[in-house]
Amino acid sequence: MPRIHKFSERRIINARGPYTPLGVSRSPKPVASAVFQALLDFADISALQDEASIVLSNYAGSGAGTVVHCAAAGITLAIAAAMTGSDPDRIAALPYTAGLRHRVVLPAGHAVNYGHPIEQAIRLSGARPVLVGDEVSCPVTAIAKEIAHSDTCCLLLVVSRLTKGAPVDFDAAIKVARENNVPVVVDGAAQIFKAPQLIQNGADLLIVSGQKYLGSPTAGLVFGRPDLVSAVRAQDRGIGRGMKASKEALCGVIEAIEQWRLRNDQLWAKDQVDKVNRFVHRLDKLHGVTAISEPDSTDAPFPRVCLEIDPNRARLTAKALANELKSGSPSIWVMDHRIANNEVLMELVPLGPDEIDVLLDRVVELLS
Ligand SMILES: *Cc1c(COP(=O)(O)O)cnc(C)c1O
């Protein structure tokens with residue numbers, strides 16, 4: 001069978017997290033087998049969606065669930081569902097929203113860009129994003145004022161390390177939405193770990209990327225209230241046509257959730273801590289480098305390696321280090337969002353011991 005690295009020049013070691021331009025994640029073998037089987041057969045898609053609904057709701061404790069093309073599609077379709085319900089005429093009319101509630105209330109600090117601005121995922125449905133507060137803070141009183149507007153179709157909240165500003169008070173925001181009978185849509189694309197908790201906290205629809213930490217093929221998992229999930233499924237006859245889940249995505253997601261539930265959470269988390277500690281221990285000895293274990297800002301159950309580089313004492317700046325790592329063979333990709341502060345972050349979650357050895361040796365070689 002062709003291996004993907006035959007198609008690219010060099011092998012890639014991904015220490016950058018579930019990053020779309022790098023193919024996001026690698027799937028466990030049983031998931032790959034489920035996809036392989038699905039590709040060889042026909043499938044009753046509606047029956048697969050019913051099965052996915054059971055598997056997803058059993059995992060998260062939601063009333064129902066469905067699978068769409070990806071999380072970005074899930075955001076667009078969740079908002080479409082909040083506007084149209086399951087009404088076929090309204091669904092067929094989108095993105096025209098005449099006569100529909102079409103305002104999506106979103107804290108300004110949650111207007112994230114995960115490759116495109118989330119506002120565009122909203123606008124694709126025909127809805128209009130209404131930003132509340134600013135990038136520093138978004139008080140719930142300001143959310144309440146916008147939610148009360150009679151054209152509001154939903155409140156959209158994002159749980160991600162990409163959000164800006166002081167944390168929004170989720171419980172209070174959800175309470176206000178409830179009081180106004182406005183559904184709460186949560187984008188938790190990288191939050192498969194926390195899906196049960198977010199549902200418990202009151203998300204009416206929760207969207208997670210299957211291809212991030214879950215390791216399924218590309219898929220948007222939508223967990224939530226049965227009436228709203230039905231309305232998401234009903235978008236198949238409307239704007240959802242171009243955002244549908246394939247048979248292989250459905251089979252891959254069902255198997256991936258199965259595999260995920262077999263995992264021992266505690267052992268998994270300990271393994272992540274051990275990998276990072278081993279790294280930090282070795283790199284902290286380098287001249288001009290401070291290596292620390294940094295917890296995830298959304299409480300995901302794993303730390304990352306943070307290298308703080310003193311440009312006057314270390315051999316390379318953070319930027320030069322990242323460039324050298326990327327241009328070598330294998331090509332090593334690190335997180336560069338804090339490179340301007342001379343910080344390089346590395347996520348080790350998908351990496352095995354051999355890859356970590358290669359990565360460590362290369363960093364030590366470049367910095368000594
Ligand atoms: C990755 C991401 C998305 C998009 O996920 P896809 O499955 O690639 O469409 C949306 N929102 C956030 C916060 C993300 O991190």
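As the structure lists them, so they are numbered: ligands from 1, and atoms in each ligand from 1. None of the values given here were measured: they were computed from a predicted structure.
With sequence neighbours left out, Glu343 forms a side-chain hydrogen bond (donor to acceptor under 3.5 Å, both in side chains) with Arg338. Residues meeting the side-chain hydrogen bond (donor to acceptor under 3.5 Å, both in side chains) test with Arg278, sequence neighbours left out: Asp357.
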Output block, N or O contacts of ligand 1, threshold 3.5 Å exclusive:
residue: ligand 1; atom: 5 (O); partner: Ser209; partner atom: OG; Å: 3.1
residue: ligand 1; atom: 7 (O); partner: Ala71; partner atom: N; Å: 2.9
residue: ligand 1; atom: 7 (O); partner: Ser209; partner atom: OG; Å: 2.7
residue: ligand 1; atom: 7 (O); partner: Gln211; partner atom: NE2; Å: 2.8
residue: ligand 1; atom: 8 (O); partner: Gln211; partner atom: NE2; Å: 3.4
residue: ligand 1; atom: 9 (O); partner: Ala71; partner atom: N; Å: 3.3
residue: ligand 1; atom: 9 (O); partner: Ala72; partner atom: N; Å: 2.8
residue: ligand 1; atom: 11 (N); partner: Asp187; partner atom: OD1; Å: 3.3
residue: ligand 1; atom: 11 (N); partner: Asp187; partner atom: OD2; Å: 2.7
residue: ligand 1; atom: 15 (O); partner: Lys212; partner atom: NZ; Å: 2.8

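Residues Gln211 and Ser27 have side chains that never bring a donor and an acceptor to within less than 3.5 angstrom of each other. There is a side-chain donor-acceptor pair under 3.5 Å between Tyr59 and Trp260.
Residue pairs that meet the ring-ring contact (aromatic ring centres under 6.0 Å, His included) test with at least one member in residues 93-121, sequence neighbours left out, are Tyr114-His116.
We find that Arg101 and Asp151 are not joined by a salt bridge, their nearest charged nitrogen and carboxylate oxygen being 4.0 Å or further apart.
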